[in-house]
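Values below: every heavy atom of this structure, side chains too, minus hydrogens, waters and symmetry copies. Below, chain A is the first sequence line, B the second, and so on; all start at residue 1.
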Amino acid sequence: MRVSRLFSQTLREAPNDAEAISHVLLLRAGFMRQLASGIFSYLPLALRSLRKVENIIRAEMDAIGGQEITMPVIHPADLWRETGRYYDIDAEMSRFKDRGDRDMVLAMTHEEVVADLARKEIKSYRQLPQLIYQLQTKWRDDPRPRSGLIRVREFTMKDSYSLDATQEGLEVQYRAHYQAYFNIFNRCGIPTVAVAADSGIMGGKVSHEYMYLTGVGEDTIVRCAECGYSANAQVAQFRRSDAVAGAALPMEKVATPATKTIDDLAKLLDVEPRQTAKAVFFMGRYKKEEGVGDEERMIFAVIRGDLDVNETKVANAAGALGLRPAQDDEIKALGAVPGYAAPMGLKDVLVIADESIVAAPNLVAGANEEGFHQRNVNYGRDWQATTVADIASARAGDACSRCGTGVELTRGVEVGNIFQLGSRFTDALGARFLDETGRAQSIIMGSYGIGVGRLLACVVEHSHDDGGLVWPITVAPYHVHLVSLAKADGDARTAAEGLYAELTARGVEVLYDDRKENPGVKFNDADLIGCPVRITIGDRGLQNGIMELKVRSEAGKGAEVPVGEIVAQVEAKLAQLRAAIEATVVEVPYEV
RNA sequence: CGGGGUGUAGCGCAGUCCGGUUAGCGCACCUGCUUUGGGAGCAGGGGGUCCUCGGUUCGAAUCCGAGCACCCCGACCA
């Protein structure tokens with residue numbers, strides 16, 4: 001491709017509304033342009049890189065038996081009603097009517113369509129297992145797109161779906177994805193970790209998220225350096241510190257004016273925070289039926305005072321689709337006193353208690369009266385929870401649930417996820433097969449996603465410098481950026497045109513800067529666009545019989561290469577870069 | 001949805017507080033000449049619903065009201 005003919009232009013200055021480095025560089029280098037919040041056009045350079053990512057994904061999916069298909073972007077709402085997700089999912093799914101007044105939705109994922117295909121196509125155990133996948137547009141009306149391609153509303157996702165006769169079969173396909181995903185991310189040049197995750201709207205039990213660790217990430221990951229335990233903070237487990245032991249004492253009301261926080265309270269009564277009980281109120285959203293608004297229920301979460309409540313865990317324990325903090329007037333409406341709420345004597349409230357509460361005797365809890373607390377509150381004797389569960393958030397330094405070492409918290413971007421779905425969707429849609437004995441059985445499903453654009457953004461976050469992008473060879477839009485310093489016909493131009501033609505003929509992808517620009521402009525653009533290898537051809541070098549070959553990722557001046565050796569040296573360098581990436585593709589032990 | 005911020009040429013910005021010639025600067029773009037190995041120089045030139053609608057006023061980019069868009073933090077989410 002000739003730069004003079006390239007559709008996009010580079011920008012000297014970044015648009016003011018770009019903050020994340022991947023966003024800034026992809027805009028400046030002319031890879032993409034924003035149309036609306038979370039909606040982007042991908043220009044020729046970006047599309048080339050995206051296609052390469054997609055082809056890496058295809059190769060790995062095909063290698064584990066995947067068959068590529070394409071499913072519709074627009075689905076009839078009835079299909080989503082059958083699985084119930086039409087009601088479970090809120091405004092994130094966009095809905096509209098077609099001309100026949102039929103309810104339709106924009107696809108945010110494809111479990112429903114796959115289960116529908118399965119019920120129509122799969123009749124016999126002989127047809128199983130299957131693995132189908134697609135690379136296709138998703139629309140998720142995210143309330144808060146941000147950071148360029150890291151979180152968008154319209155995006156391309158690779159989603160694959162496994163269909164199996166048995167749970168064991170599902171696990172085989174799940175493990176195949178587990179490794180294939182590492183292969184994909186490594187080939188794209190980014191390190192990732194697989195972490196235990198919440199399954200969210202997918203349901204199911206086992207799932208992993210693949211995290212690229214970076215400060216710009218929005219997910220918090222709990223990791224143990226000692227034993228390797230890693231989990232999304234939403235579900236991360238840890239060992240709670242011991243409670244202060246003692247025989248149960250009689251309850252005793254004490255005046256505690258103006259103690260809205262646990263710290264104030266502990267100080268006033270001269271106890272440790274872990275000797276108190278903390279109450280947090282949420283409104284939980286429950287399944288919405290046709291034509292009816294959200295049904296909300298008050299949830300009262302109780303946890304030991306030294307711990308923090310984890311909303312995802314509370315929602316799961318309470319069976320709610322989502323939570324929001326309760327307002328003071330909602331709390332009062334139930335007869336509780338904000339700041340002094342007691343778990344005792346509440347009615348019509350779902351009480352979720354953390355495991356830490358049950359084992360801790362003689363806690364200080366609210367007295368349900370402004371300015372008063374109760375001492376010596378004991379679980380079981382004085383109050384009961386609807387559910388006792390793990391609803392605590394792990395913090396840095398908390399003891400690892402496996403080995404007891406202090407855990408670390410890091411931030412990450414989720415570039416992929418894998419779910420063992422089981423038969424939730426196939427049961428809902430009646431997707432069954434006949435087993436060897438002629439009995440109908442539910443098809444067992446798994447689903448597996450990778451955000452292609454987000455992955456590309458992570459590659460940029462991982463690989464750039466002050467000059468711009470530094471593409472791994474595997475996803476670079478072009479292999480070679482050929483800079484011709486010639487502004488008019490002459491030896492340099494002839495040599496550049498000749499090399500461009502020769503490399504292209506040999507299958508090397510070349511971006512050829514044939515513009516009549518000053519050298520500085522061309523070098524800066526080459527650095528910004530970030531192709532792995534740059535060749536510079538100028539009259540000065542040619543007079544000495546050399547061209548310059550520089551590797552983008554290596555500092556310093558490039559190498560002077562005799563004209564006659566340039567093609568061979570370029571090919572050798574490209575092979576070397578490929579080999580370096582390939583060396584990162586290794587077996588990763590499977591961890592649940 | 002809550003909090004904060006920003007909307008003036010393709011990009012970056014000034015002008016707005018305190019209303020008043022023809023709305024300005026840098027980069028980018030076009031023409032010519034010169035220059036030519038790390039964002040060149042000179043000269044000439046094109047490009048604007050000053051986010052939108054309404055109001056105040058002799059007069060609005062500027063003041064008032066409403067709305068919209070985009071960004072950041074949070075809620076939320078994959």
Describe, in one word, how the ring planes of A:Phe281 and A:Phe300 are oriented to each other, choosing from parallel (under 30°), tilted (30 to 60°) and perpendicular (over 60°). parallel

A:Glu13 atom CD is separated from B:G39 atom P, nearest whole Å, by 16 Å

Who is the Watson-Crick or G-U wobble partner of B:C50, with both distances under 3.5 Å? none

Suppose we define a pair by two distances each less than 3.5 Å, Watson-Crick or G-U wobble; what does B:U21 pair with here? none

Could you check which of B:C29, B:U36, B:C72 has an atom nearest any side-chain atom of A:Gln9? B:C29

Across all strands, who's sitting opposite B:G44 as a Watson-Crick or G-U wobble pair, both distances under 3.5 Å? B:C30

The side chain of A:Asn16 is closest to which nucleotide in this list: B:G37, B:C13, B:C76? B:C13

Residue A:Arg144, side-chain heavy atoms: nucleotide from B:C11, B:A78, B:C72 that is nearest: B:C72

Should the ring pair A:His75 and A:His110 be called parallel, tilted or perpendicular, given that the plane angle runs from 0 to 90° and is split at 30 and 60? perpendicular

Rounded to whole Å, CZ of A:Arg515 lies from P of B:G39 at a distance of 14 Å

Side chain of A:Arg12 only, please: which of B:G74, B:C27, B:A78 is the nearest? B:C27

Please tell me which of the listed nucleotides, B:C77, B:G39, B:C70, lies nearest to the side chain of A:Ser37? B:C70

Using a strict threshold of under 4.0 Å (side-chain N to carboxylate O), is an ion pair present between A:Arg2 and A:Asp513? no

With both distances under 3.5 angstrom, what nucleotide forms a Watson-Crick or G-U wobble pair with B:U16? none

Nearest of B:G39, B:G37, B:A78 to any side-chain atom of A:Pro519? B:G37

With a cut-off of 6.0 Å (strictly less than), are more than 12 heavy atoms of other residues, nucleotides or ligands near CD of A:Glu218? yes

For B:U6, which nucleotide in any strand shown is its Watson-Crick or wobble partner with both distances under 3.5 Å? B:A69

Span that lies between the C1' atom of B:C76 and that of B:A60, in whole angstrom: 41 Å

Work out how far the C1' atom of B:A43 is from that of B:G38, and round it to whole angstrom. 27 Å

